[in-house]
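One-based numbering, in listed order, for ligands and for the atoms of each.
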Amino acid sequence: MTQHSGSCLCGSVKYQLEGEFHNFFLCHCSYCQKGTGSAHAANLFSKNAQLNWLQGQDKVTFYNLPETRHGRSFCSTCGSPVPTSLGGGKLIMVPAGSMDSPVTIKPTAHLFIASKADWEQELDQVHQFQGFPE
Ligand SMILES: [Zn+2]
Ligand SMILES: [Zn+2]
């Protein structure tokens with residue numbers, strides 16, 4: 001079993017995960033755009049992982065959009081997405097950006113591309129800086 005670890009932006013929430021990732025989905029649906037404030041969510045999925053909160057479990061807030069299967073967990077201090085246990089723990093969803101250990105799996109697929117943000121086109125042609133704009 002591979003061990004993975006991660007944390008939120010403020011460091012209140014830390015977790016460890018034992019298991020393999022089976023999918024890595026970039027979801028462009030309108031719920032994920034709202035929930036991330038960006039073009040898409042980037043979530044790793046595991047069917048056999050054991051999720052252990054190392055600290056800050058009391059800061060983890062779960063939000064389920066009423067009458068949908070859309071749900072996400074986040075740190076109540078800094079708002080960062082953190083892992084979510086779905087289907088009574090049968091599926092663990094881990095935000096790729098929350099990982100501190102290396103993400104070795106490549107994205108599996110883009111989901112809901114029919115809902116893509118209007119501005120999400122040819123992004124690799126936009127001017128790039130190493131850090132802040134010069
Ligand atoms: Zn936090
Ligand atoms: Zn989505």
Side-chain angles (χ1 to χ4, degrees):
M1 282 285 182
T2 315
Q3 201 158 82
H4 309 275
S5 60
S7 57
C8 67
L9 179 62
C10 76
S12 299
V13 179
K14 293 195 194 313
Y15 65 87
Q16 232 170 35
L17 199 86
E18 246 177 79
E20 312 302 326
F21 292 118
H22 302 96
N23 279 305
F24 182 2
F25 290 134
L26 307 177
C27 186
H28 302 252
C29 83
S30 57
Y31 302 156
C32 286
Q33 288 180 44
K34 285 282 184 198
T36 62
S38 189
H40 61 78
N43 285 305
L44 302 151
F45 289 85
S46 176
K47 295 170 204 155
N48 64 3
Q50 177 72 40
L51 173 65
N52 296 308
W53 299 106
L54 299 180
Q55 65 175 64
Q57 188 174 5
D58 57 320
K59 304 259 187 200
V60 177
T61 302
F62 177 71
Y63 176 74
N64 180 229
L65 186 63
E67 289 163 45
T68 73
R69 291 168 54 205
H70 184 84
R72 55 184 288 266
S73 299
F74 55 93
C75 168
S76 60
T77 299
C78 69
S80 309
V82 295
T84 302
S85 180
L86 301 164
K90 287 199 190 77
L91 193 65
I92 306 288
M93 176 173 83
V94 180
S98 75
M99 295 266 289
D100 293 322
S101 53
V103 177
T104 50
I105 177 176
K106 296 267 175 280
T108 318
H110 292 275
L111 309 185
F112 286 92
I113 58 160
S115 308
K116 258 189 185 182
D118 294 337
W119 54 268
E120 198 195 350
Q121 289 172 42
E122 299 172 6
L123 293 183
D124 52 346
Q125 295 183 25
V126 178
H127 199 85
Q128 300 187 35
F129 297 101
Q130 290 292 337
F132 282 118
E134 285 128 36

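Inclusion of Cys27 in the first shell of the Zn ion (ligand 2) is supported: an N, O or S atom falls under 2.8 Å.
Here Cys10 contributes SG and Cys75 contributes SG, and at the Zn ion (ligand 1) these two atoms make an angle of 110°, given to 10°. For Cys8 atom SG and Cys78 atom SG, the angle they make at the Zn ion (ligand 1) is roughly 110°, to 10 degrees. Angle SG(Cys29) to the Zn ion (ligand 2) to SG(Cys32): 110° [nearest 10 degrees].
Checking side-chain atoms of Ser80 against main-chain N and O of Leu9 turns up a donor-acceptor pair under 3.5 Å.
Closest approach of Val60 to Ser73, counting heavy atoms only: CG1-CB, 3.9 Å.
In this pair, Phe45 and Phe25 present their aromatic rings tilted. The plane angle is within the 30 to 60° band. Aromatic ring pairs are classed by plane angle as parallel below 30°, tilted from 30° to 60° and perpendicular above 60°; the pair Phe21 and His4 is tilted.
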